[in-house]
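Quick note on labels: first sequence line is chain A, next is B, and so on, each numbered from 1.
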Amino acid sequence: MLDKSFDPKEAEARIYKMWEDSGAFKPRAEKPTDTKDDNFSIVIPPPNVTGSLHMGHALNNTIMDILIRFNRMKGKAVLWQPGMDHAGIATQMVVERKLAAEQKYRKNMSREDFLNHVWAWKEESGGMIEQQLRRLGSSCDWSRSKFTLGASPNADDAEKAIQQNMGDGVTKAFVEMYEAGLIYRDKRLVNWDPHFQTAISDLEVETKTVDGHYWHLRYPLADGVTYEHPITDEEGKVTGHETRGYVVVATSRPETMLGDTGVAVHPDDERYAALVGKEVVLPIVNRRVPIIADDYADPEKGSGAVKITPAHDFNDYEVGKRAGHELISILDDRGHILPLVIIPEEFHGLFSVKARKLVVAKFDEAGLLAETEKLKIEQPFGDRSGVVIEPMLTDQWFVDAEKMAKDAVAAVNRGHAAHPTSSSSGAYVVSNETTNRRIHGADAGMNPRVKPEGDGGEGRENGTRFIPENWKKTYDHWMENIQPWCISRQLWWGHQISAWYGPSLTKVNYTGEAPASLEIWDWDNPEIFVANTFEEALEKASVFYGNVDANAVLIGKEAESSEKWRNQTFDDDGQNVMLLRDPDVLDTWFSSGLWPFSTLGWPENTEELERFYPTSVLVTGFDIIFFWVARMMMQGLHFMKDENGEGVVPFDDVYIHALVLDEAGKKMSKSIGNTLDPLDLIDGVTSDVLVEKRTRGLKNPDKAPQIAKATRKAYPDGFEPYGADALRFTLASQAGQGRNIRLSVDRIAGYRNFGTKLWSAASFGQMNECSPVEGFDPSTATLPVNKWIISETAKTAMEISRCIDTYRFNDAADAAYKFTWDTFCAWYLELSKPLLSGADGAEKDETRATFGWVLDQILKLLHPFMPFITEDLWAKIAEGRKSNLITADWPTYGDELVNADAVAELEWVQTLITNIRSVRADMNIPPSKKAPLLLCGDTLDPRLAIYAPQLSPMARVEHVELASAVPDNALQTVVDGVQYAIPLAGLIDMDAERKRLAKEIEKAQSEIEKIDRKLGNEAFVAKAPEKVVTLQKERRAGYAAEVETLQAALDGLG
RNA sequence: GGGCGAUUAGCUCAGUGGGAGAGCACUACAUUGACAUUGUAGGGGUCACUGGUUCAAUCCCAGUAUCGCCCA
């Protein structure tokens, strides 16, 4: 006997362990007959090692798990590759914060000591999210979980073996890209985060609109020059001129004037034409700088003249470069004014905001502050640090993204061209069945790519397709405007850059002769040796310096610090020039970009790489298309080559899912206090705990009472334990291909109820001995009711398969829900009751077997969505199953099981029952009151006798008989043009019945009118397809018959 | 400023060139037989607005309004 209901708390952990222990999460062994089509793979978007599960993960992983389980059941070799991202900045931040609480600071530690702290933290507290992902039911192959940074120095050998390639791969990628000219080192303006004191990429900068000021500053013209400045009225008309000995520039950052190199005006701006070529004297610093003409100056904005600070503004940088200006950096790493001789001492060391106030005060004092304007300004902030980002001139490593982007754009064009928008059916071509490729690792030869068999699709031809396809535009747009990607970070936690520096020989005209002395070597613009290892770098250096000064031979010393390297010149033996390894690390996304192949073992040529690259689909949110998807495309195409040397895309499809928002449509965020923890929805939570969690550790604690109040109002009773299945099903059912999902807790409860419904139907089946029958062949069923439910099962199975294949998860979930609840539970189960409780015999046996078979199919079809409850039932309703549900065969039958006659017959039964119920309910006839059903006509429909046992309980029909005329005091209904009467003397309000009939007639009448308008239109009859015209005629006939019968009924009432 | 998207029942959202849908909420009725985490029935919508294309528009096109997101 089944328990009363499913207990997720008890079952989830037990079942998950059973799956994992069974080896079901590992890809099945390769068969000799396997083609690329028989493999299905997904790489997980690696969560940050610091991360904890949020709703975005829940959606993302639910979708992946649906795809994975579906394809696994279809018999494919399935690999869901898990892993984590080391998340450079985020992790370093977490650990530094933790150390600070213990009065320990990174600055006072060696790099090695600090990294040991981070690794220790990772072992202890990192990676919690992998446990949380298990709670969702994610069926990843955890045994191959990868970490972008590789193994910890203290890891055991097994772990080291698993992670070995991760670090090697990144180094190899860096070196190869450098050698291919795709990576270079350059002094450029970059986004500088003064808090973390590192460069960050454009993508890590968030521009926000904040309250700010525009200060209009007067820059005096040099040498007593003056000009006539036009004075305008409110409408912009010039009303006169005034003589000015200054130009006005407006800025939101006055402190940068300390580093100004000029003032720009538009070349066509007549007002300033005479001033171009003249100079202004910068106040405070008393420097002369030129007035130049440049298109960048917008005559419409402000005074039309702009100050130019090339070292601290991206636009000014370009202007300065065009004008050949020298760059003057005025800020240090922390955003403080540098102690430069050209800057008055009182500014030295001031934080930029303080310097700003002082500059403004000085201008004001000197009468040079023309105006202070309050307005909203756009300001860049670091997405992690939250501080204002300073453009800074520094030496950094860059990827020439523009070059790589071309191939990546072309690959997506190919992907979409191979799959033109589908026909009106809206069905996508099933991707993973139209590709058939084999790939080998970088060092191996490639097999020719086999063209897929055509099923209408042309095959992917090594392209990637976005789903929904509108994301292609976003991707294209960004790729076409891509900027050099700054990949170096001034952090410690990450892949240290594999480059070594030696002194440069550029200062001498190097001819191969030994320079006279090391003194003239240039330490500021070092020679760069990019290599996989120090030994390799040394070799390269030896070749380079080989015939230089015989007194200074490089023999393999690596400088421990840049100070030592610069200041000491020779190593401790006083003999040798040292090489210095670049202390910086790579942007985390550089290693994430290798994820689709590094996780499969690259740069080794592994079996997994062969079998599972390219991956079938990438499932992710649109917020990381640029960060991640684009980079994987670029790096995948660069490193993974086919036998012709063509780059191979990392995935066939990219499915972009929605963002999960709260019920009000707001982005979930800790600071707003509207986050929902997936685990709370799975396990349940009290309102008190929920409030506590939402108000703990707020950046702005003042908000706590407000958040607490809103939380208690929204969820006064907290959450019940809905279980992982309900959460998954809700996410799937809301995963329409739109932009976002408002998560509804009511719906989660609704889908929990759905699970209970399924459970109770299974329980009913068990009580009635409806166990699955070994070898039952559904095509042999004889009873129409069984043929019908088998038909509906087949139709549903086809529908669900089609929907999952085309990433229409909500449609798939809906189809499963409707079939289970409405078709199976509400109709079949009730219709089967008389048979199951009737006399033993062939019909009862067939019905039991059918019931058992259909329930099995339901469990299979629901399994990808609700893995736990289905697996539990699978085991509990039948003993000695051949396999667990997770590896059971997916239903693949189809039309051959659909019996149109049986479907028509049962639809008639349902209409009859529904109509009887409806007229009775309309007249408020209590269900307890049974009544005969009279067929008003000449012959009794034999089907009425057959379904009498069902009509009795379901439609409260006492018995069925033929009547020549409608008796008085009877309700009437029409099914298929046949009139039925239900005599209920004494229970019917005849006036109400007349009104009811009149209303029904009116309804049908208005439909007829609508159709008549159409059919009366000659153009419609002439031009519309015949099918449509016929359909309308048929519909009209149907309504007409109904009206006639209803009218007769109404007339009969007198 | 450029781009993308949304606007359908009270709420949250599907949907389609030819008969307006679901879940929740609501109303009425029911209840010892799978299930109250229930059953049956019902009410409720000019498919944002204005034009256009078409025999036919909620759907395609153009514009307007409102809201949201991304980029500058």
Side-chain angles (χ1 to χ4, degrees), chain A residues 2 4-6 202-203 206-207 314-315 378 380 424-426 468 470-471 473-474 476-478 481 622-623 625-626 658-659 661 663-667 720 722 726 730 733-768 770 808 810-811 813-814 817-818 821-822 825-826 829-830 832-833 836-837 913-928 953-956 1007 1010-1011 1013-1025 1027-1029 1031-1032 1034-1036 1038-1039:
Chain A
L2 285 171
K4 188 158 165 54
S5 66
F6 178 66
D202 299 350
L203 288 175
E206 279 178 4
T207 308
F314 285 97
N315 290 312
E378 302 290 318
S424 56
S425 73
N470 57 298
W471 290 110
K473 279 189 191 170
T474 308
D476 284 348
H477 185 253
W478 188 70
N481 295 291
F622 59 81
D623 48 336
I625 290 178
F626 305 145
L659 229 52
L661 308 176
E663 287 177 71
K666 283 214 177 91
K667 215 170 164 171
E720 293 173 50
Y722 299 117
T730 307
S733 78
Q734 293 201 275
Q737 295 185 351
R739 284 212 161 210
N740 38 43
I741 291 176
R742 296 196 196 187
L743 189 76
S744 154
V745 176
D746 282 344
R747 275 182 83 147
I748 302 176
Y751 291 123
R752 186 269 320 264
N753 297 354
F754 174 60
T756 306
K757 188 79 181 174
L758 174 67
W759 186 271
S760 115
S763 173
F764 171 83
Q766 207 180 38
M767 282 188 275
N768 287 281
C770 299
R808 304 176 67 87
N810 57 325
D811 289 337
D814 281 355
Y817 181 92
K818 285 199 175 94
W821 199 308
D822 299 338
C825 291
L829 197 144
E830 295 299 334
S832 71
K833 275 181 183 172
L836 294 171
S837 59
I913 291 172
T914 305
N915 281 13
I916 296 170
R917 283 169 170 174
S918 178
V919 294
R920 288 178 57 112
D922 277 351
M923 286 299 115
N924 280 321
I925 310 299
S928 55
M954 297 177 77
R956 319 307 295 164
E1007 286 299 321
K1010 263 196 239 170
I1011 297 167
R1013 273 202 293 278
K1014 259 186 202 176
L1015 291 171
N1017 183 345
E1018 277 174 38
F1020 171 71
V1021 181
K1023 292 193 177 176
K1027 247 170 82 182
V1028 173
V1029 178
L1031 177 73
Q1032 294 303 327
E1034 280 169 8
R1035 288 185 60 222
R1036 193 195 185 285
Y1039 283 119

Do A:Thr756 and A:Arg752 come close enough that some side-chain heavy atom pair is under 4.5 Å?
yes
Along RNA chain B (nearest heavy atom to each residue), the more 5'-positioned of A:Met767 and A:Asn924:
A:Asn924
A:Thr914 near the nucleic acid: base, sugar-phosphate alone, or nothing, with a heavy-atom cut-off under 4.0 Å?
sugar-phosphate
Measure across A:Val745 and A:Tyr722 and return the closest heavy-atom pair with its distance rounded to 0.1 Å.
CG1-OH, 3.9 Å
Assign A:Glu830 to base, sugar-phosphate, or nothing according to its heavy-atom contacts below 4.0 angstrom with the strands shown.
base
So, is A:Ser918 close to the B:G42 phosphate, meaning a side-chain N or O under 4.0 Å from OP1 or OP2?
yes
Using a 4.0 Å heavy-atom cut-off across all strands, classify A:Leu829 as base, sugar-phosphate, or nothing.
base
Who is the Watson-Crick or G-U wobble partner of B:U50, with both distances under 3.5 Å?
B:A62
Atom CD of A:Glu1007 to atom P of B:G18: distance rounded to whole Å?
15 Å
Considering all heavy atoms of both residues, which atom of A:Cys825 and which atom of A:Leu829 are nearest to each other, and what is their separation?
O-CB, 3.3 Å
Side-chain donor/acceptor contact of A:Ser760 with base of B:A34 under 3.5 Å
yes
Rounded to whole Å, the CG-P distance (A:Asp822 to B:G21) equals 15 Å
Does any part of the side chain of A:Ser733, heavy atoms only, come nearer than 4.5 Å to the side chain of A:Tyr751, both counted from C-beta?
yes
So does A:Trp821 get a side-chain nitrogen or oxygen closer than 4.0 Å to the phosphate oxygens (OP1/OP2) of B:G39?
yes
Look through every strand shown and name the nucleotide pairing with B:C55 as Watson-Crick or G-U wobble, where both distances are under 3.5 Å.
B:G18
Answer for the Watson-Crick or wobble partner of B:G1, both distances under 3.5 Å, is B:C71
Taken to the nearest whole Å, CH2/A:Trp478 to P/B:C69 is 21 Å
Residue-phosphate contact under 4.0 Å: A:Arg808 side-chain N/O, B:G15 OP1/OP2:
yes
Flag, side chain of A:Ser763 to backbone of A:Trp759, donor-acceptor distance under 3.5 Å
no
Strand partner of B:G45, provided both Watson-Crick or wobble distances fall under 3.5 Å
none
Taking atom P in both B:A25 and B:U12, what distance in whole Å separates the two?
15 Å
Would you classify A:Arg752 as touching base, sugar-phosphate or nothing, given that sugar-phosphate means primed atoms plus P, OP1 and OP2, and contacts are heavy atoms under 4.0 Å?
base
I want to check something: taking the side chain as every heavy atom from C-beta on, are A:Phe6 and A:Leu758 in contact at a cut-off of under 4.5 Å?
no
Could you tell me how far B:G42 sits from B:G21 if I compare only their P atoms? Round to whole Å.
13 Å
Any N or O donor-acceptor pair under 3.5 Å from the base of B:G19 to the side chain of A:Arg1035?
yes
For residues A:Lys833 and A:Glu830, determine if any side-chain heavy atom of one lies less than 4.5 Å from a side-chain heavy atom of the other.
yes
Quick one: label A:Gln734 by what it contacts on the DNA or RNA (base, sugar-phosphate, nothing), any heavy atom closer than 4.0 Å.
sugar-phosphate
Taking only side-chain nitrogens and oxygens of A:Asn768, does any of them come within less than 4.0 Å of OP1 or OP2 of B:A34?
no
Can you tell me if A:Lys818 touches the phosphate of B:A22, counting only side-chain N or O atoms and a distance under 4.0 Å to OP1 or OP2?
no
In whole angstrom, give me the gap between the P atoms of B:A14 and B:U7.
7 Å
From CG of A:Asp746 across to C1' of B:A22 the rounded distance in Å is 15 Å
Please write out each protein N/O paired with an N/O of nucleotides 53-60 of chain B under 3.5 Å, distance rounded to 0.1 Å.
from: B:C55; atom 1: OP1; to: A:Lys1023; atom 2: NZ; distance (Å): 2.4
from: B:C55; atom 1: O2'; to: A:Asn1017; atom 2: ND2; distance (Å): 2.9

Side-chain donor/acceptor of A:Lys473 to base of B:C4, under 3.5 Å:
no
Gap in Å between the two P atoms, one belonging to B:C26 and one to B:G15, rounded
27 Å
How far does the P atom of B:C11 sit from the matching atom of B:C71, given to the nearest Å?
31 Å
Using the P atom as the point on both nucleotides, what is the distance between B:C59 and B:A48, in whole Å?
8 Å
Ignoring hydrogens and angles, tell me if any N or O in the side chain of A:Asn1017 forms a donor-acceptor pair with the backbone of A:Arg1013 under 3.5 Å.
no
Under 4.5 Å between any side-chain heavy atoms of A:Thr474 and A:Phe622, yes or no?
no
Between P on B:G42 and CE on A:Met923, what's the gap in Å once rounded to a whole number?
12 Å
Once you apply the 3.5 Å cut-off to both distances, tell me the Watson-Crick or G-U wobble partner of B:A9, or none.
none
Which whole-number value in Å describes the distance from A:Asp476 CG to B:C71 P?
17 Å
Can you tell me how far C1' in B:G17 sits from the matching atom in B:A22, rounded to whole Å?
23 Å
Just to be sure I understand the rule, does A:Asp623 reach a base, reach only the sugar-phosphate, or reach nothing, if contact means heavy atoms closer than 4.0 Å?
nothing
Under 4.0 angstrom, heavy atoms only, what part of the nucleic acid is A:Gln1032 near: base, sugar-phosphate, or nothing?
sugar-phosphate
Let me know the distance between CZ of A:Arg742 and P of B:C11, rounded to the nearest Å.
11 Å
Hey, does the side chain of A:Lys757 come within less than 4.0 Å of B:G39's phosphate (OP1/OP2), counting only N and O?
yes
Taking B:A41, B:A30, B:A34 as options, the one with an atom nearest any side-chain atom of A:Pro927 is B:A30
Would the distance check show the side chain of A:Arg956 and the main-chain N or O of A:Pro926 forming a donor-acceptor pair, the cut-off being under 3.5 Å?
no
Using the side chain to side chain donor-acceptor pair (under 3.5 Å) criterion, which residues pair with A:Glu1007? Sequence neighbours excluded.
A:Arg1035
Is there a Watson-Crick or G-U wobble partner for B:G33 with both distances under 3.5 Å, and if so, which one is it?
none
Just do the side chain to side chain contact (heavy atoms under 4.5 Å, CB included) check on A:Trp478 and A:Leu203 with the steps written out, would you?
CA-CA 11 Å; A:Trp478 188 70; A:Leu203 288 175; 3.8 Å; yes
Kindly point out which of B:A72, B:C35, B:G23 is positioned nearest to the side chain of A:Glu378?
B:A72
Under 3.5 Å, is there an N or O donor on one side and an acceptor on the other linking the side chain of A:Thr756 and the base of B:U37?
yes
Give none if B:A28 has no partner; otherwise give the nucleotide forming a Watson-Crick or G-U wobble pair with it, both distances under 3.5 Å.
B:U40
Using whole Å, report how far CZ of A:Phe622 lies from P of B:C69.
10 Å
Name the residue closer to the 5' end of RNA chain B, choosing between A:Ser733 and A:Ala826 according to the nucleotide with the nearest heavy atom.
A:Ser733
If the P atom of B:G5 is compared with that of B:G10, how far apart are they to the nearest Å?
28 Å
